[in-house]
Q: 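A single structure is presented below for examination.
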Amino acid sequence: MAYWLVKSEPDVYSIDQLKKDKRTCWDGVRNYQARNLLRDSMKKGDIVLFYHSNCAEPGVTGIAKVVREGYPDNTNYKGKGNPDPANPTWFMVDIAFQRKLKRVITLAEIKAEGRLRDMQLVQRGNRLSVMPVSAAEYELLIGME
DNA sequence: GCCAACGTTGGC
DNA sequence: GCCAACGTTGGC
């Protein structure tokens with residue numbers, strides 16, 4: 001089993017929305033590196049840290065689980081369907097709500113924790129919206145809750 | 001709203 | 001295949 005972190009702008013899709021929906025398809029990812037992870041690496045049962053970006057208090061806000069492995073995301077090709085559905089470019093997974101953290105583990109705290117300095121999240125110029133997290137990093141982070 | 005960092009696009 | 005222009009992300 002692996003661990004992941006996904007970013008979402010709370011104005012667009014928040015942890016509270018996921019809690020309400022119970023599960024959602026993680027669509028709209030339009031980055032090839034992230035696409036490869038969605039398509040090839042994320043497995044059913046994997047744990048996903050839910051991160052709020054581009055907001056007043058960026059940080060990890062909850063935990064979700066992969067409930068459906070990568071399948072074609074044929075929508076939203078600039079507003080239209082995939083011109084070639086047999087050969088999809090973009091993929092998505094389904095994730096289900098697990099729980100909200102008791103509090104937000106903020107980006108500032110993560111940066112301040114030296115043992116988390118290798119997390120992709122805090123690497124320079126990181127813009128990936130889906131990224132792997134090691135088991136050790138996951139445990140440490142959850143321990144800060 | 002600013003700006004740095006990065007990906008993508010397109011001319012050549 | 002190079003590289004400048006442009007668009008997007010995301011912290012601050």
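Excluded from the calculations below are hydrogen atoms, water molecules and symmetry mates; all remaining heavy atoms, backbone and side chain alike, are included. Order of the sequence lines fixes the chain letters, A, B, ..., with proteins taken first and strands second; residue numbering starts at 1 for each chain.
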Q: Side chain of Asn31(A): nearest nucleotide among dG7(B), dC6(B), dG11(C)?
A: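 When the side chain of Asn31(A) is considered, dG7(B) is the closest of dG7(B), dC6(B), dG11(C).
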
Q: Can you identify which nucleotide, out of dG10(C), dC6(B), dC12(C), has its nearest atom closest to the Asn54(A) side chain?
A: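 Nearest to the side-chain atoms of Asn54(A), counting from C-beta on, is dG10(C).
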
Q: Can you check the Arg30(A) CZ to dT8(B) P distance for me, whole Å?
A: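 My rounded result for the distance is 13 Å.
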
Q: Taking side-chain contact (heavy atoms from CB on, under 4.5 Å) as the definition, give me every residue that meets it alongside Arg124(A), ordered by chain and number, with sequence neighbours left out.
A: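 Listed in chain order: nothing, the list is empty.
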
Q: Looking at every heavy atom in both Ser8(A) and Trp26(A), which two are closest together, and how far apart are they?
A: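 Taking Ser8(A) first and Trp26(A) second, the nearest heavy atoms are CB-CH2, 3.7 Å.
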
Q: Rounding to a whole Å, what distance do you find between Gln123(A):CD and dG11(C):P?
A: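 It works out to 14 Å between those atoms.
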
Q: Look at the side chain of Leu107(A) and decide which nucleotide, out of dA5(B), dC12(C), dG10(C), has an atom nearest to it.
A: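 Of all the options, the side chain of Leu107(A) is nearest to dC12(C).
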
Q: Quickly work out the Met131(A) CE to dG7(B) P distance and round it to whole Å.
A: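 In whole Å, dG7(B) P and Met131(A) CE are 13 Å from each other.
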
Q: Less than 4.0 Å between a side-chain N and a carboxylate O, is that true for Lys65(A) and Asp94(A)?
A: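 Judged by the 4.0 Å cut-off on N to carboxylate O distance, Asp94(A) and Lys65(A) do not form a salt bridge.
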
Q: For the pair Trp4(A) and Tyr51(A), evaluate ring-ring contact (aromatic ring centres under 6.0 Å, His included) and give the outcome as yes or no after the intermediate values.
A: CA-CA 10 Å; Trp4(A) 307 93; Tyr51(A) 177 91; over 10 Å; no

Q: Tell me the interatomic distance from His52(A), atom NE2, to dT9(C), atom C1', rounded to whole angstroms.
A: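 Going from NE2 in His52(A) over to C1' in dT9(C) covers 17 Å.
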
Q: Just to be sure I understand the geometry, which residues of residues 109-122 of chain A put a non-hydrogen atom under 4.0 Å away from DNA chain C?
A: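 Nucleic-acid contacts, sorted: Lys111(A).
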
Q: Whether Arg117(A) and Glu137(A) form a salt bridge (side-chain N of Lys/Arg under 4.0 Å from carboxylate O of Asp/Glu) is what I want to check.
A: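 Salt bridge flag = no for Arg117(A) with Glu137(A).
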
Q: Any salt bridge linking Asp73(A) with Arg35(A)? Criterion: basic side-chain nitrogen under 4.0 Å from a carboxylate oxygen.
A: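 Between Arg35(A) and Asp73(A) there is no salt bridge, as every charged N stays at least 4.0 Å from the carboxylate O atoms.
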
Q: Send over the distance from Glu57(A) CD to dG11(C) P, rounded to a whole Å.
A: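 Roughly 12 Å, once rounded to whole Å.
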
Q: Is there a side-chain contact between Tyr51(A) and the phosphate of dT9(C), meaning an N or O under 4.0 Å from OP1 or OP2?
A: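 No, Tyr51(A) has no side-chain N/O under 4.0 Å of OP1/OP2 on dT9(C).
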
Q: Looking only at side-chain atoms of Pro58(A), point me to the closest of dC6(B), dG11(C), dG7(B).
A: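 The listed nucleotide nearest to Pro58(A)'s side chain is dG11(C).
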
Q: With respect to the phosphate group of dG10(C), does any side-chain polar atom (N or O) of Lys7(A) fall under 4.0 Å of OP1 or OP2?
A: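 Lys7(A) to dG10(C) OP1/OP2: side-chain N or O found under 4.0 Å.
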
Q: Let me know the distance between CD of Glu9(A) and C1' of dG10(C), rounded to the nearest Å.
A: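 Distance, rounded to whole Å: 8 Å.
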
Q: The side chain of Gln33(A) lies closest to which of these nucleotides: dA5(B), dG7(B), dG11(C)?
A: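 My answer, after comparing the listed nucleotides, is dG7(B).
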
Q: Indicate yes or no: does Lys102(A) engage Glu145(A) in a salt bridge with an N to O separation below 4.0 Å.
A: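 So Lys102(A) pairs with Glu145(A) through a salt bridge.
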
Q: Rounded to whole Å, please give me the gap between CZ in Arg124(A) and P in dA4(B).
A: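 Result: 13 Å.
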
Q: Below the 4.0 Å mark, does dA4(B) have OP1 or OP2 next to a side-chain nitrogen or oxygen of Arg127(A)?
A: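 The answer is no; no side-chain N or O of Arg127(A) sits under 4.0 Å from OP1 or OP2.
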
Q: Find the distance Leu128(A):CG to dG11(C):C1' and express it as a whole number of Å.
A: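 Atom-to-atom, Leu128(A) to dG11(C), this comes out as 16 Å.
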
